Amino acid sequence: MTKDDNAPAGSAMAGDATGRGLSGAMALLFALACGLSVANIYFAQPLLDAMAHDLGIAPAAIGMVVTFTQIGYALGLILLVPLGDLADRRRLIVGQTALSAIALIIVGTASHAAVLFAGMVLVGLLAVVVQVLVAFAATLATPDGRGRAIGTVTSGVVGGILLARFVSGALADIGGWRLVYLVSAGLMLVMAALLLCLLSGSPKATKAGLSYPSLLRSTAALFAEEPVLRERALFAFLIFADLNVFWTSIVLPLSAPPFALSHTTIGLLGIAGFAGALAARNAGRLADLGWAQRTTGLSLMLMLGAWAVFACLHVSPWFIVAGVIMLDLGLQAVHVTSQSLIIAARPDAASRLVGGYMVFYSIGSAVGGLASTMMSASACWAPESAPPRCWSGSSRRAGPRRQPVARRRPSRRRKERDWGGSMRYRLPAS
């Protein structure tokens, strides 16, 4: 048991950063703003084919839409999120939200691939307002309610990710892919107006005398100064790599016989992840009670147990649903607990801490997806759209019986040496 278990995650803030309390209504507003902002990153995934057809982009290159969005997001984590410790967070949040609407309009009206790619970089760059909101919520919350506040705001992030693909597909069926981004732009403008009216100014910046380059250098220095940041950043890398290993690889066995599920049906598995949104708030409360380390340990064991459940896929596809719930419950609990602990360590550097932590989230997500793809290609997935070899056991047990086929006449007998050293003959297996 460490000192994190003996004291609540929300230890007292120092100086001007002292939390004043975050009302439930304001926490829900933050959660909604986070959900809208993070959804902008994921809208494109079901729309790539429509974008390629409309703008004449080669199918092999349309994946760059997602790549450019992630590049923008990574740049935002490094360059924009630390500004929350230097500038007025209210102005920063409202400005990013309003500029996000402009970026979405650029994407929705793009007439050339280059304009689309540039717009997606801006969308990703400005979507990091989510991390500024999380840090601001933690700053506004009272010390004993910080974990609960972070959990509430994080539940909005989970909801935005899960609903983004469904909403974008529904709107695209109504009015095309451009409608998705234009509607989102309108919603972001409304959200910017709400935040402008309802948010109070943030406490006076504790680093007001620090230049922007020095602020960025201090973000890297925090990793040397704060052991809890290094530990939790490693957790972020591993848990999000674990998550992306699952979601990247599960499409192949579920879309192949004997299950042969459609991509829409597979996508609906994400709805089971709403359990993670419920876990987020509960994990925040446990962190406030000083049970952060225990919560982390139990949650990591739950994520490990999810893979044992996934191994029972051959018994019933419902094991996948149960495993998804376990995996997302554990991940969100660790994620919320980690943010509570790192912000409690240095409340005056909340934005930089969250930004540095989330860089490892992005790296882990990318590495997990890449590793899963490479392993599937080398070990599990055969060429010419053959069913995955590593799932052949489940295919034999759960699939329909094959009709008998005519045996080939053996052309010759093969000679083998048995264990006793004598020669024997057997026919080749048919």
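If you're wondering where the values come from, they're calculated on a predicted model, not measured in any experiment. Residue numbers start at 1 and run along the sequence shown.
- Residues Leu199 and Phe136 have side chains in contact (heavy-atom distance under 4.5 Å, counting atoms from C-beta outward).
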Q: Begin from the C-alpha positions of Leu353 and Leu229 and carry the test side-chain contact (heavy atoms from CB on, under 4.5 Å) through to its verdict.
A: CA-CA 7 Å; Leu353 289 168; Leu229 178 59; 3.7 Å; yes
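- Residues Phe246 and Phe310 place their aromatic rings such that the two centres sit under 6.0 Å apart.
- Donor-acceptor pairing under 3.5 Å is lacking for the side chains of Arg146 and Thr139.
- The aromatic rings of His335 and Tyr357 sit parallel to each other, their planes meeting at less than 30°, with 60° as the upper class boundary.
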Q: For side-chain contact (heavy atoms from CB on, under 4.5 Å), just list the numbers for Val359 and Phe237, CA-CA rounded to whole Å, side-chain angles, deciding distance to a tenth of an Å, and then say yes or no.
A: CA-CA 9 Å; Val359 168; Phe237 173 86; over 6 Å; no
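- The backbone N or O of Ala110 lies less than 3.5 Å from a partner atom in the side chain of Arg178, making a donor-acceptor pair.
- Electrostatic pairing of Arg148 and Asp144 does not count as a salt bridge here, judged by no charged N lying under 4.0 Å from a carboxylate O.
- Of all heavy-atom pairs spanning Val107 and Gly119, the tightest one is CG2-C, 3.5 Å.
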Q: Show your working on side-chain contact (heavy atoms from CB on, under 4.5 Å) between Phe240 and Val367 and close with a plain yes or no.
A: CA-CA 9 Å; Phe240 283 99; Val367 170; over 6 Å; no
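- Within 6.0 Å of CH2 on Trp307 lie more than 12 heavy atoms contributed by other residues, nucleotides or ligands.
- Closest heavy-atom contact between Gly323 and Val309: N-CG1, 3.8 Å.
- Put simply, the side chain of Ser23 gets close to the backbone of Met26: a donor and an acceptor are under 3.5 Å apart.
- A 4.5 Å side-chain heavy-atom check between Val324 and Ile320 finds at least one atom pair inside the cut-off.
- Close placement of the Phe360 and Phe223 rings is indicated, their centers lying within 6.0 Å of each other.
- Among all heavy-atom pairs drawn from Leu171 and Leu179, the shortest one is O-CD2, 3.7 Å.
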Q) Would Met326 and Leu329 satisfy side-chain contact (heavy atoms from CB on, under 4.5 Å), going step by step from the backbone distance to the final call? A) CA-CA 5 Å; Met326 294 172 61; Leu329 274 168; 5.7 Å; no
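- Asp85 contributes a side-chain N or O that, together with a main-chain N or O of Ser351, makes up a donor-acceptor pair within less than 3.5 Å.
- A distance-only check finds a donor-acceptor pair linking the side chain of Arg90 to the backbone of Leu196 [under 3.5 Å].
- A donor-acceptor pair under 3.5 Å links the side-chain atoms of Ser155 to the main chain of Thr152, judged by distance alone.
- Within the 3.5 Å criterion, the main-chain N or O of Ala224 finds a donor-acceptor partner in the side chain of Arg230.
- Looking only at atom types and distance, the side chain of Ser338 has a donor-acceptor partner in the side chain of Arg232 under 3.5 Å away.
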Which pairs of donor and acceptor atoms, one on a side chain in residues 59-84, lie under 3.5 Å apart (sequence neighbours left out)?
{"from": "Thr67", "atom 1": "OG1", "to": "Gly63", "atom 2": "O", "distance (Å)": "3.4"}
{"from": "Thr69", "atom 1": "OG1", "to": "Val65", "atom 2": "O", "distance (Å)": "2.7"}
{"from": "Tyr73", "atom 1": "OH", "to": "Gln131", "atom 2": "OE1", "distance (Å)": "3.1"}

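- In terms of heavy-atom proximity, Val336 sits nearest to Gly147 at CG1-O, 4.1 Å.
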